[in-house]
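Labels below follow one simple rule: chain letters A, B, ... track the order of the sequence lines, proteins then strands, and each chain is numbered from 1.
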There are 2 protein chains.
Amino acid sequence: MSIRPQTPSGARPSMADVGRLADVSAQTVSRYFTGTGYVSAETRERITAAVAQLGYRPNHLARAFRANRTKTIGVMTMGTMNYGITALYSGLTAAAHATDYSIVIRHIDSDLDEPGALEEARQGLEGLQSLQVDGIILATQYRDADELAEGISERFPVVTLSGLPQPNADTVALDSHQAGLLATRHLIELGHERILHVPGPENRNETLERERGYLDAMSEAGLPPLPRPSGTSWSADTGHRAGLAVDPAEFTAVFAANDAIALGFTSALRSRGYEAPRDYSIVGVDDMPEVAYYAPPLTTMRMDFDELGTVAFDMIRHHIEKGERLDLRVLPSVLIERESTAPARPEADRAPSS
Amino acid sequence: MSIRPQTPSGARPSMADVGRLADVSAQTVSRYFTGTGYVSAETRERITAAVAQLGYRPNHLARAFRANRTKTIGVMTMGTMNYGITALYSGLTAAAHATDYSIVIRHIDSDLDEPGALEEARQGLEGLQSLQVDGIILATQYRDADELAEGISERFPVVTLSGLPQPNADTVALDSHQAGLLATRHLIELGHERILHVPGPENRNETLERERGYLDAMSEAGLPPLPRPSGTSWSADTGHRAGLAVDPAEFTAVFAANDAIALGFTSALRSRGYEAPRDYSIVGVDDMPEVAYYAPPLTTMRMDFDELGTVAFDMIRHHIEKGERLDLRVLPSVLIERESTAPARPEADRAPSS
DNA sequence: TCAGAGTGCACCATTTGGGGG
DNA sequence: ACCCCCAAATGGTGCACTCTG
């Protein structure tokens, strides 16, 4: 029962074809669809029948062209495709679907600090604009991302996910400072004093903010921060490397910049005979769905990427449809306590298992 | 240095504006961009200058409208947004980017067996068609997905990722049968005889194929398959539930339908005092980036979703540009041996740790 | 004169075929 | 042969207008 167009040409039927069959003009068909103006019940019926008979579908492209409004949002993501981006897409596509928008994705595997990436990103943005998207959501946490917004008219709706307010772009972000603060406080409340921070890649606002949260929590408790390993990526291998390099005698707890890093760190320490939470406590950030099943189940800060996508979409839609800007929003994170954290124990107890 | 349009209206400059400034007609500007027809070096220079001065960008939308060719592929995904879908996006967007195509995404959170999902999916497909995409990639493994392809003209390029050849659609898939076969053979080669399979959600082709691979491997070794738990989802909780329900005395090895299920299963058995690979071996499917850091690092079948995206894109592009169909492709998976599998041990050795 | 119902035409930015100089 | 322009066409929308009672 596949529907075949009934037009002479065999091509997709147009409003004119529908009009011909229903014995009205194409414009009347247009009004039938858009709801503007008058169409008598009788005519309406004839049009409905003609539409069904021809299998006519409105041509969104022509409509967008004429109306100068595509109902499409461009989304530009950068860096390794990971859990955060996945969950963000999920929120974004759901919000778009609910309001009859479309999402077109541009993804670049490298982040802005890699050579050539800035130029590639710029081209991506131009490509999006040349598609006539109604707005762009720019998902990079790289600190110098504002350079990218150059070349985009300040009237054009842009939302970044950097958390950094910019003259030409609104921004939403998950509250990384709060995540770092609450995660570290949690460790402090458990009695830990020598707390190590394993950071994410440098020059990302998330990395800086999480570290700042850690530093603030340490300082409000009068504890000295520990020297930190250098950050390279958001992946497990960053945590793994850090876990191999570190001296286990120097800390009793770890705040990892995200869950993957926490996982890698745990894995490295396990290979050296140290287990959490027996020998040290560790908390991550993100709450990826799998971490509840890790060994041990990971205590972490839940970051609601889904909500991030929803809010980012709503912000840009607000800008597009109402013409107003909502400068900055920050979404809170919440501590999920599982089994990777435990009260600090006297020093004497801590030793590698054989 | 943000670029401002220099047209009287303040709107985005058009080819006509460029032409006016360069003292040529708009059509010549068109030929300058498309490369069809003659444009003298001198004129070319004037146009280049005018383009730069105005900050002109081609209007992809108008071009698509006129040429009846959007250079856009619609991608429809269903079910929980997980590692596989994201990795697929990654391959898809990279391939599209390389050939100057765009990708527009429609994602539905429920898969086709949930109520209302079929209708929602149908609407999604119609929405994509009304955007005038040049082709559609339909990513669902649900067995009855062919119903969806109805209502799409058989001339319209569609590629499904079901692995099931259909009259109106080409298909690519990762070789789930082979994954099941090789994973199970690996366990058999290690000396295991009582091998449990924990399947994915019912009615997915992937689930059926992986199970078929398992059954074939068992039968070729003359081993009886074990009764299987019922499948519900691709997530860790499916494995966790199975791991709580199962009798550990009944098997010495497990083939889990994917990595997340393997993780959940491992976690449940750990809570009951059983550890891999000491008490049982387990192998997953997917090779998500984190599994190398699991406890124990997971032996798994690597599925190249990135490649899947690339091939799907190339297939549909071939159909679009050459008019030829490439009916079916199947991509092999490869065994990644880590530490969750080990040689079978005499029965007497197996006991829960205290 | 008025309100309802519908038509005709210009227009959006670009591409294309048929010429003209 | 080279370089460029004109006019038409793409599908749909909004405005001004007509027609009928």
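When the side-chain nitrogen and oxygen atoms of A:Ser40 are compared with OP1 and OP2 of C:dG6, one or more of them lie within a distance under 4.0 Å. Between D:dG12 and A:Ser30, no contact under 4.0 Å exists linking OP1 or OP2 to a side-chain N or O. For B:Ser14, no side-chain nitrogen or oxygen approaches OP1 or OP2 of C:dA13 to under 4.0 Å.
Looking at the side chain of A:Phe65, the nearest of the listed nucleotides C:dT7, D:dG11, D:dG12 is D:dG11. Checked against C:dG6, C:dG8, C:dT15, the side chain of A:Gln27 finds its nearest nucleotide in C:dG8. Closest to the side chain of B:Tyr38, from the set C:dA5, D:dT13, D:dC3, is D:dC3. In this structure, of C:dA13, C:dA5, D:dC5, it is C:dA13 that holds the atom nearest to the side chain of B:Asn59.
With hydrogens and angles ignored, no donor-acceptor pair under 3.5 angstrom links the side chain of B:Arg63 to the base of C:dA13. Below the 3.5 angstrom threshold, one finds no donor paired with an acceptor across the side chain of B:Arg66 and the base of D:dT10.
We find that CG of A:Asn68 is positioned 14 Å from C1' of D:dG14, with the value rounded to whole Å. Residue A:His60 contributes atom NE2, which lies 12 Å from atom C1' of D:dG12 at whole-angstrom precision. Distance CG (B:Leu61) to C1' (D:dG12): 12 Å, rounded to an integer number of Å. Distance CG (B:Asp17) to C1' (C:dA13): 10 Å, rounded to an integer number of Å. Here C:dG4 presents its P atom at 18 Å from CD of A:Glu42, a figure rounded to the nearest Å. Note: CD (A:Glu45) to C1' (C:dA5) measures 16 Å, nearest angstrom. Rounded to an integer number of Å, the gap from B:Phe33 CZ to C:dT15 P is 9 Å. A:Arg69 places its CZ atom 11 Å from the P atom of D:dG14, with the value rounded to the nearest Å.
Classified by interplanar angle (parallel below 30°, tilted 30° to 60°, perpendicular above 60°), the ring pair A:Tyr56/A:Phe33 is tilted. Ring geometry for B:Phe313 against B:Tyr101 counts as perpendicular: the plane angle is over 60°, on a 0 to 90° scale with 30° as the lower cut.
The residue B:Tyr32 sits apart from the nucleic acid: no heavy atom pair falls under 4.0 Å. B:Thr34 comes within contact range of the sugar-phosphate backbone alone, with a heavy-atom separation under 4.0 Å but no base atom that close. Contacts of A:Val29 with the nucleic acid, taken as non-hydrogen atoms under 4.0 Å apart, are absent.
A donor-acceptor pair is defined here as one N or O able to donate and one able to accept, closer than 3.5 Å; no such pair exists between the side chain of B:Arg57 and the backbone of A:Ser130.
A donor-acceptor contact closer than 3.5 angstrom links the side chains of A:Tyr89 and A:Thr77. A:Asn205 and A:Ser162 are not linked by any side-chain donor-acceptor pair at a separation below 3.5 angstrom, with hydrogens and angles left out of the test.
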